[in-house]
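Input: a single structure, listed below in structure tokens.
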Amino acid sequence: MPQISVIVPVYRVEAYLDRCVTSILNQTFRDLELILVDDGSPDNCGALCDAYGRADSRVRVIHQKNGGLSAARNAGIDWVFANSDSQWLTFIDSDDWVHPEMLRRLLDGAVRGQVRISVCGYGETAGEEPTVLPESLEPERWTPKAFYLDRFINATIACAKLYHRSCFAECRYPVGKLHEDEFLTYRLLFAQEALVFLPAPLYAYYQNPEGITKTTWSPGRLDAWEAYEQQIAFFRKMGDQELVRFRVREYLENAVKNLSAAREAPNADRLTGEIRKIRRRIKHLIPRAWKQGCVDFWPDFELLYEYYPFLTRAYRLWLELRG
């Protein structure tokens, strides 16, 4: 049986699927199985998946009713636990692609470092290949906390990682949530004593203008707030105020960005309820951030003045006195 299971959720990616699948099947590391999860795609993706399965014995295909990204990833994980003895799993989104060396390098780093999670860098791309420098292929050993604080996005996304199957013995992605990575990846990382990181962008993250997080703003983006609250509670239970402070600050920044995006959305006139909800959350977060000492980040002063004019004037005065 293969050493690595590669799980690819597939939904409405006819134009990109071949690039993704080809990059996986052309890995220099050959001892893999590719699990294509057709999540009820309404286009020709299901037939394409079946064609890949007929052409390469390493490809497995799952067809299911549309349930979203989490449901598709979970279906792949469940299939591995029921049908495979592979010891490692990785996730690749179907409009992305990977460097030919990614799996070999990640597995080698995990084995050499004796860790259960190995991570590589990623490159945001409009279609060009990310530049990989030889010196960036050297694996580095990180603590989960240092990696989370210093490489926050890389630490948060589900992709660009190789996981030992034991990481998912009791964990699955939350079905029906946008930003599903925010609910789970940090728990997997902080269950480890250490991880290995290869800075090289071996994962090409395609900036698809039709991707799930690139379309017109929708209230589903606020799902992430539930995950942020869970993370804050998790870090508070750990007793780590530095992590609590960091997460609260990022939370406030996210809320401010969502307010701007909702206000500027083409359908803003139909989002008045959501805009009020975001404003209430910001008003709640500002004193919370102040209490946590998150004074190294504040959103636009005019926005702050809208909520707390006295606090804004006081903060400006504090900065002047400090300077």
Subject >> Worked verdict on L34 versus L36 for side-chain contact (heavy atoms from CB on, under 4.5 Å) >> reply: CA-CA 6 Å; L34 170 57; L36 298 174; 3.9 Å; yes

Original post:
Please walk me through it: do R116 and E193 pass salt bridge (Lys or Arg N to Asp or Glu O under 4.0 Å)?
Top reply: CA-CA 9 Å; R116 297 196 304 162; E193 291 184 5; over 6 Å; no

Original post:
Could you walk me through whether Y251 and R288 pass the side chain to side chain donor-acceptor pair (under 3.5 Å) check?
Top reply: CA-CA 11 Å; Y251 190 177; R288 193 172 174 186; 5.1 Å; no

**OP:** With side-chain contact (heavy atoms from CB on, under 4.5 Å) as the test, would you mind laying out the steps for V37 and V10 before giving the verdict?
**Re:** CA-CA 6 Å; V37 183; V10 178; 6.0 Å; no

Original post:
For T131 and L133, what are the C-alpha separation, side-chain angles and deciding distance, and is it a side-chain contact (heavy atoms from CB on, under 4.5 Å)?
Top reply: CA-CA 6 Å; T131 301; L133 301 175; 4.1 Å; yes

**OP:** List the steps, then state whether side-chain contact (heavy atoms from CB on, under 4.5 Å) holds for L17 with Y52.
**Re:** CA-CA 10 Å; L17 187 58; Y52 293 126; 3.9 Å; yes

**OP:** Check step by step if side chain to side chain donor-acceptor pair (under 3.5 Å) holds for N267 and W217.
**Re:** CA-CA 9 Å; N267 59 336; W217 189 91; over 6 Å; no

**OP:** Just do the side chain to side chain donor-acceptor pair (under 3.5 Å) check on D38 and Q64 with the steps written out, would you?
**Re:** CA-CA 6 Å; D38 167 28; Q64 65 179 31; over 6 Å; no

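Going from atom CG of L259 over to atom CZ of R279 covers 7.0 Å, rounded to the nearest 0.5 Å. Note that OG of S41 and OH of Y11 are 6.5 Å apart. Values are rounded to the nearest 0.5 Å. Here CG of L195 is found 12.0 Å from CG of L162. Values are rounded to the nearest 0.5 Å. I24 CD1 to D56 CG: the interatomic distance, rounded to the nearest 0.5 Å, is 11.0 Å. Remark: R54 CZ to C49 SG distance equals 11.0 Å, nearest 0.5 Å. A distance of 12.5 Å separates NE2 of H99 from CG of N26, quoted to the nearest 0.5 Å.
Donor-acceptor pairing under 3.5 Å is recorded for the side chains of N254 and Y228. A side-chain N or O of S5 and one of E33 form a donor-acceptor pair less than 3.5 Å apart. With 3.5 Å as the limit, one finds no donor-acceptor pair spanning the side chains of D181 and Y173. If you check the side chains of D50 and H63, you find a donor sitting under 3.5 Å from an acceptor. Between the side chains of Q231 and Y148, at least one donor N or O lies within less than 3.5 Å of an accepting N or O.
For residues 120-139, the pairs satisfying salt bridge (Lys or Arg N to Asp or Glu O under 4.0 Å) are R112-E138, with sequence neighbours left out.
Residues K257 and E253 are paired through a salt bridge, judged by an N-O separation under 4.0 Å between the basic side chain and the carboxylate. Between E274 and R263, no side-chain nitrogen of the basic residue sits less than 4.0 Å from a carboxylate oxygen of the acidic one, so the salt-bridge criterion is not met. Salt bridge annotation for E226-K177: present, with a cationic side-chain nitrogen under 4.0 angstrom from a carboxylate oxygen. Classification of D78 and R172 as a salt-bridged pair holds, one side-chain N sitting under 4.0 Å from a carboxylate O. Classification of D93 and R73 as a salt-bridged pair holds, one side-chain N sitting under 4.0 Å from a carboxylate O.
Proximity of a side-chain donor or acceptor of Q27 to a complementary backbone N or O of S23 within less than 3.5 Å is detected. Judged purely by atom type and a 3.5 angstrom limit, Q87 has no side-chain atom pairing as donor or acceptor with the backbone of Q3. In this structure a side-chain-to-backbone donor-acceptor pair under 3.5 Å is present from N83 to W79. A side-chain donor-acceptor contact under 3.5 Å links N66 to the backbone of D39. With hydrogens and angles ignored, the 3.5 Å screen pairs a side-chain donor or acceptor of S70 with a backbone N or O of P174. Checking side-chain atoms of Y203 against main-chain N and O of V119 turns up no donor-acceptor pair under 3.5 Å. Between the side chain of R19 and the main chain of D95, a donor-acceptor pair closer than 3.5 Å is present. Between the side chain of K161 and the backbone N or O of N154 there is at least one donor-acceptor pair closer than 3.5 Å. A donor-acceptor pair under 3.5 Å is absent between the side-chain atoms of S94 and the main chain of V13, judged by distance alone. At distances below 3.5 Å, not a single donor-acceptor pair connects side-chain atoms of N74 with backbone N or O atoms of V175.
For K145, the NZ atom is densely surrounded, since the number of other residues' heavy atoms within 6.0 Å is greater than 12.
Under the 6.0 Å cut-off for aromatic ring centres, F246 and F235 do not qualify, their centroids lying 6.0 Å or more apart. Side-chain rings of Y186 and F234 approach one another, their centers coming within less than 6.0 Å.
Under the ring pair (Phe, Tyr, Trp, His ring centres under 6.0 Å) criterion, F81 pairs with no residue, sequence neighbours left out. For A200, the side chain to side chain contact (heavy atoms under 4.5 Å, CB included) test picks out V132, S136, L137, L202, with sequence neighbours left out.
Aromatic ring pairs are classed by plane angle as parallel below 30°, tilted from 30° to 60° and perpendicular above 60°; the pair W142 and F147 is perpendicular.
Contact check for V6 versus I35: no side-chain heavy atoms found under the 4.5 Å cut-off.
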